[in-house]
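Letters go in sequence order (proteins before strands), and every chain restarts at 1. The shown structure was predicted, so the numbers you read here are calculated from the model rather than taken from an experiment.
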Amino acid sequence: MIIATWNVNSIRARAQRVMAWLQLRRPDVLCMQEIKIEEVEFPSLELKALGYDVMVEGQRTYNGVAIASRLPMREVRRGLGDGEADAQARLLWVSVEGVRIASVYAPNGQTVGSDKWRYKLRWLERLRRHLEQTGDPQQPLALCGDWNVAPEARDVHDPVRWEKAVLFHPDARAALARVCAWGLRDAYRLHHEEAGRYTWWDYRQLAFPKNLGLRIDHILVTAPLASRCQAVEIDREARKGKQPSDHAPVVATFEP
DNA sequence: ATGGTTGCTTAGCAA
């Protein structure tokens, strides 16, 4: 089974690119983030024509996640479900062939010390609780998405500078590590040790051609799925050309 | 040094 994740930065702006990419790569499952659209507006029929069903946890203007799959999706769950008032669409679960799969869009946090920053740290703590209460680290499970956190210095082009910012701040890294401590491995690091492999590059100042990026999009898997993981790749090609998303897809291949 | 780019929505915010 091939599972991919991609922050598309608006499905309205990116529909043609996403569909061309699905036809090219043919993943079984694609988790999308920042679709920035409500469910009724999502181009579900167009993806259906390519052989993909779509589940959508949508929101107007901001956030929003979705999952497209060529295989049947079951057990659809939306949000953290912890009873806290939360208007932000950031989490969607499905089950595909016995694997629980989530599309995750963690809060960015904007600036350290802001209300959005505190929301980011709390949201990751709420996700940890959500996993404790609804998941099992001994079952195959994959959390796929834009975590807005680079885990280590080798995931950041300029770690000294970025340590003061929300994407690589020690508190954000600790919050992500707390999620992983529930029983998750970073699938990319099962297969790659090298520094300088990124999934996001700022649109500004030629960051992509200079490779001034961060690795903030991750596929996190439980042990039973880690043992089935054959390959994980970042598709830099999808970040090239006209009107790209600012993120590249991450693609993981699992044995049946 | 608060720049610069994109998207949504239409001037300002979020990333």
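For A/Lys120 and B/dA15, the NZ to C1' distance is 11 Å, given to the nearest whole Å. When the P atom of B/dT6 is taken as reference, atom NZ of A/Lys242 falls 11 Å away, rounded to whole Å. As rounded to whole Å, 13 Å separates atom C1' of B/dA15 from atom CD of A/Gln88. Distance A/Tyr105 OH to B/dG7 C1': 12 Å, rounded to the nearest Å. Atom CD of A/Gln33 is separated from atom P of B/dG7 by 17 Å (rounded to the nearest Å). Going from atom CH2 of A/Trp200 over to atom C1' of B/dT6 covers 12 Å, rounded to whole Å. Atom pair A/Trp201:CH2 and B/dG4:C1' shows a separation of 19 Å (rounding to whole Å applied). Note: CZ (A/Arg239) to P (B/dT6) measures 9 Å, nearest angstrom.
Across A/Ala66 and A/Leu92, no two heavy atoms sit closer than the pair CA-CD2, 3.9 Å.
The only member of A/Arg78, A/Arg90, A/Arg77 that meets salt bridge (charged side-chain N to carboxylate O under 4.0 Å, His left out) when paired with A/Glu57 is A/Arg78. For the side-chain contact (heavy atoms from CB on, under 4.5 Å) with A/Asp82, the lone residue among A/Arg129, A/Arg126, A/His130 that qualifies is A/Arg126. Across A/Arg17, A/Glu41, A/Met32, a single residue satisfies side-chain contact (heavy atoms from CB on, under 4.5 Å) together with A/Ile11, and that is A/Met32.
Residues from residues 203-219 of chain A placing a heavy atom under 4.0 Å of any atom in DNA chain B, listed by number, are A/Tyr203, A/Arg204, A/Gln205. Interface residues of residues 107-119 of chain A facing DNA chain B, ordered by number: A/Asn108, A/Gln110, A/Lys116; criterion, heavy-atom separation under 4.0 Å.
Side-chain contact between A/Val232 and A/Leu190 is absent, with no heavy-atom pair separated by less than 4.5 Å.
The residue among A/Asp202 and A/Asn148 whose nearest nucleotide of DNA chain B lies closer to the 5′ end is A/Asp202.
By the neighbour-count criterion of 12 heavy atoms within 6.0 Å, atom CZ of A/Arg185 is sparsely surrounded, having that number or fewer from other residues, nucleotides or ligands.
For the C1' atom pair drawn from B/dT9 and B/dG3, the interatomic distance equals 24 Å after rounding to whole Å. If you take atom C1' in B/dA1 and the same atom in B/dA11, they sit 25 Å apart, rounded to whole Å. Remark: the separation of the P atoms in B/dC8 and B/dT2 is 29 Å, to the nearest Å. Across B/dA14 and B/dG4, the matching C1' atoms stand 15 Å from one another, rounded to whole Å.
A chain of hydrophobic side-chain contacts below 4.5 Å, direct or via other Ile, Leu, Val, Met, Phe, Trp or Tyr residues, connects A/Met1 to A/Met55.
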Quick one, A/Thr222 with A/Gln139, criterion side-chain hydrogen bond (donor to acceptor under 3.5 Å, both in side chains). Give me CA distance, side-chain angles, the key distance, then yes/no. CA-CA 7 Å; A/Thr222 54; A/Gln139 294 299 316; over 6 Å; no
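Ion pairing between A/Arg173 and A/Asp155 fails under the 4.0 Å rule for side-chain N and carboxylate O. Looking at A/Arg25 and A/Asp235, a side-chain N of the basic residue comes within less than 4.0 Å of a carboxylate O on the acidic one, giving a salt bridge.
In this pair, A/His169 and A/Trp117 present their aromatic rings perpendicular. The plane angle is above 60°, beyond the 30 to 60° band. In this structure, A/Trp201 and A/Tyr198 have perpendicular ring planes: the angle between them is above 60°, well past the 30° mark.
Between A/Arg14 and B/dG7 there is a side-chain polar atom (N or O) within less than 4.0 angstrom of OP1 or OP2.
Among the heavy atoms of the strands, none lies under 4.0 Å from A/Gln243.
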Can you check nucleotides 8-10 of chain B for protein contacts, nitrogen or oxygen pairs under 3.5 Å, and list what you find?
residue: B/dC8; atom: OP1; partner: A/Ser10; partner atom: OG; Å: 2.1
residue: B/dT9; atom: OP1; partner: A/Thr61; partner atom: OG1; Å: 2.6

